[in-house]
Structure formats: C-alpha cells, structure tokens
Amino acid sequence: MKTIKAFLFFSIMLNNYLQANITTSITKEYLNYSIIKDDRTIGNIRVERSLKDDITEYLFESRAKVKILYSIEIYDKMGVTFKQNILQQAKLYRTMNGKLKVNNTATWNGNFYTLSDKDGANGSLKQSIFSSTASLYFNEPGNIKSVFSEKFQKMIPIQKINSQKYRINLPNGNTTTYTYSGGICTLVEANTDFANLKFVLDTTSNKTH
C-alpha cells in the first residue's frame, strides 16, 4: 500500500513538474543585421523575440561607428513587452560617444501610457498600442496604419508602398523604409541626421530555439 501511495505521489509530482515546464516554456528567435553606409559595414544589429504564454518581448541592440568629420559611436538598446498583443512597456536607451542621448520609457497602467525621458516625466498617451518600431522586424505591418515610436514617444503613420515595402515619415523629417520577405524584415533603409544607412538581414546566422 505504501508503495502504491508513493508511486501515485511521484506520478502527481512528475505531472505537475511537466505541466509547469510546458506552461513556462520560452521560444526565442534572433535576427541579425549588418549596418551599411556607402557599401561599407559600420556596425551590427541584433533583434530578439521571445514568446512565453501570452507575453511577447523584443530586445533590440545595435552598435555602429560612423566617421563624418569625426568618429561617432552610437549604441542603442531597446526593450519592448507586449501582453495579449497590447504594449505593456517600451524602453529605449541610446548613447553617442559614451554620452547619454536618449532614455525613454512608456509604461501601460491599464488606462493609458505614462511617458518619461532622460529629463523625467514626459506626459502620457491615451490609447492602446498594438505595434511599435521594435516589433516591425518580426512582423510585417500589413494593414496597420500607425506604429509607436520608442524614440519620439508617439504614434507615427506607416505607409504601404507596395506588397512588401512600407515607409515611416518621422517627425524630424527623416524617413525609414522597411522591406519584407515571408513576413520578416530583410532590409531597412534609414535616412538619419548623420548618414543614409541600410540594415541588411544576415540570412545565415538567424535562428530559433
């Protein structure tokens, strides 16, 4: 009898363990891009998407070194979390030559987003957000009309140019164009303040696990 009880207890514990692992399993995918300026590679970008139950997280990290009149080293790190397809938090951290330039956070409180930048509180945004620039790397916009900009902390219209290409006109006059294949972004053409850049997908190093 004791043996049977011990076996049943072990079976229940094993089942609970397996169920816990099933519900907490995480799928991670990576996209790697080369940053190109004038046909030269000047940096790289790594975008990670992790999926766990109804939570999707994006982690964007880039490093680039541009030489114009002098060398500019730019580091970006962006973390974005969605729950049930609604943006919960978006963070953007940027340095140029080691000096802090951007430290933005948008946080959903159930009714609206509280916004802050490197100087402190920066207002609010009273609408649900379903797409941001971080999520564009893994998700073709399709019929989406606007996306949240982690840098400008506002919704920005996105224009469909053709079946695979979309353009965003940024508030500072710059433009960013995204090209897709199979729903994944393969090319970003970014007109920035200091250079025209291309982010080219490295199809040999991207993986899922």
Side-chain angles (χ1 to χ4, degrees), residues 27-51 56-81 90-104 118 131-142 144 147-153 156 158-209:
T27 301
K28 290 189 177 183
E29 301 167 278
Y30 304 90
L31 298 175
N32 294 288
Y33 297 82
S34 296
I35 303 175
I36 310 293
K37 177 183 178 293
D38 299 330
D39 298 322
R40 290 180 58 250
T41 300
I42 63 166
N44 59 78
I45 298 171
R46 180 181 177 88
V47 189
E48 172 189 311
R49 176 172 69 175
S50 64
L51 306 171
T56 304
E57 294 184 335
Y58 298 92
L59 180 62
F60 175 105
E61 193 168 19
S62 72
R63 288 180 173 85
K65 188 173 184 178
V66 184
K67 190 170 184 179
I68 308 173
L69 297 176
Y70 57 94
S71 289
I72 302 174
E73 291 189 38
I74 304 166
Y75 172 75
D76 271 20
K77 188 171 185 178
M78 187 157 50
V80 179
T81 302
K91 292 184 175 183
L92 173 61
Y93 173 86
R94 174 176 298 165
T95 62
M96 294 181 67
N97 291 341
K99 295 181 179 180
L100 180 65
K101 291 296 181 181
V102 179
N103 193 13
N104 291 346
K118 63 185 179 68
S131 182
S132 77
T133 61
S135 63
L136 288 178
Y137 289 84
F138 280 97
N139 303 286
E140 185 173 347
I144 291 175
V147 298
F148 178 72
S149 168
E150 292 85 354
K151 179 183 177 182
F152 294 100
Q153 296 190 299
I156 298 178
I158 184 165
Q159 177 186 0
K160 187 172 184 177
I161 298 173
N162 58 43
S163 61
Q164 294 180 312
K165 188 172 288 190
Y166 304 79
R167 184 171 61 229
I168 294 175
N169 296 316
L170 300 173
N172 62 0
N174 295 338
T175 61
T176 306
T177 303
Y178 299 82
T179 301
Y180 292 82
S181 178
I184 297 295
C185 182
T186 57
L187 174 67
V188 178
E189 297 164 278
N191 165 234
T192 72
D193 293 333
F194 51 86
N196 292 327
L197 305 175
K198 292 183 179 180
F199 309 157
V200 181
L201 180 66
D202 180 357
T203 56
T204 62
S205 64
N206 304 300
K207 60 182 181 179
T208 302
H209 73 268

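We number each residue from 1, following the sequence as shown. When reading the values below, keep in mind they use all heavy atoms of this one structure, side chains included, and skip hydrogens, waters and symmetry mates.
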Rounding to 0.5 Å, atoms NZ (Lys67) and NZ (Lys65) come to a distance of 8.0 Å
Measuring from atom CZ of Arg94 to atom CG of Leu100, what distance do you get when rounded to the nearest 0.5 angstrom? 11.0 Å
Within this structure, what is the NZ-CD distance for the pair Lys165 and Gln159, rounded to the nearest 0.5 Å? 12.0 Å
If you round to the nearest 0.5 Å, how far is CG of Leu59 from OG1 of Thr81? 9.5 Å
Point-to-point distance, once rounded to the nearest 0.5 Å, from CD1 of Ile36 to CG of Asn196: 13.5 Å
Count the heavy atoms of every other residue, nucleotide or ligand shown that sit under 6.0 Å from NZ of Lys160, and state whether that count exceeds 12. yes
Heavy-atom pair with the smallest gap, counting every atom of Tyr30 and Glu48: CE2-OE1, 3.3 Å
Report the distance from atom CD1 of Ile35 to atom OG1 of Thr41, rounding to the nearest 0.5 Å. 9.5 Å
Heavy atoms of Ala90 and Phe148 approach each other most closely as CB-CE2, 4.1 Å
Result for side-chain contact (heavy atoms from CB on, under 4.5 Å) between Lys151 and one of Asp76, Asn172, Ile156, Thr133 points to Asn172
Apply side chain to side chain contact (heavy atoms under 4.5 Å, CB included) to residues Leu136 and Ser131 and explain how you reach the verdict. CA-CA 7 Å; Leu136 288 178; Ser131 182; 4.2 Å; yes
For Tyr58 and Asn139, the nearest pair of non-hydrogen atoms, with its separation, is OH-ND2, 2.8 Å
Closer than 4.0 angstrom, basic N to acidic O: yes or no for Glu61 and Arg46? no
Contact between Phe138 and Ile184 at the side-chain level, heavy atoms closer than 4.5 Å - yes or no? yes
Dump the intermediate steps for side chain to side chain contact (heavy atoms under 4.5 Å, CB included) on Phe60 and Leu92, then the final yes or no. CA-CA 9 Å; Phe60 175 105; Leu92 173 61; over 6 Å; no
Might you point out which heavy atoms bring Ser71 and Asn97 nearest each other, and give the distance in Å? O-ND2, 3.4 Å
Applying side chain to side chain contact (heavy atoms under 4.5 Å, CB included) to Lys91 and Asn103, what does each step give before you reach the verdict? CA-CA 7 Å; Lys91 292 184 175 183; Asn103 193 13; over 6 Å; no
Take Leu197 and Ile42, measure what side chain to side chain contact (heavy atoms under 4.5 Å, CB included) needs, and give me the verdict at the end. CA-CA 9 Å; Leu197 305 175; Ile42 63 166; 3.8 Å; yes
Minimum heavy-atom distance Asn104-Glu150, with the two atoms named: ND2-O, 3.2 Å
How far apart are the closest heavy atoms of Val80 and Met78, and which atoms are they? CG2-CG, 4.0 Å
With no hydrogens and no angle check, do the side chains of Glu140 and Tyr166 hold a donor and an acceptor under 3.5 Å apart? yes
Do Tyr137 and Tyr33 pass the ring pair (Phe, Tyr, Trp, His ring centres under 6.0 Å) test, and can you show the C-alpha distance, the side-chain angles, and the key distance before you say yes or no? CA-CA 10 Å; Tyr137 289 84; Tyr33 297 82; 5.4 Å; yes
Pairing donors with acceptors under 3.5 angstrom, does anything connect the side chains of Ser181 and Gln164? no
Is any side-chain heavy atom of Asn44 less than 4.5 Å from a side-chain heavy atom of Asn32? no
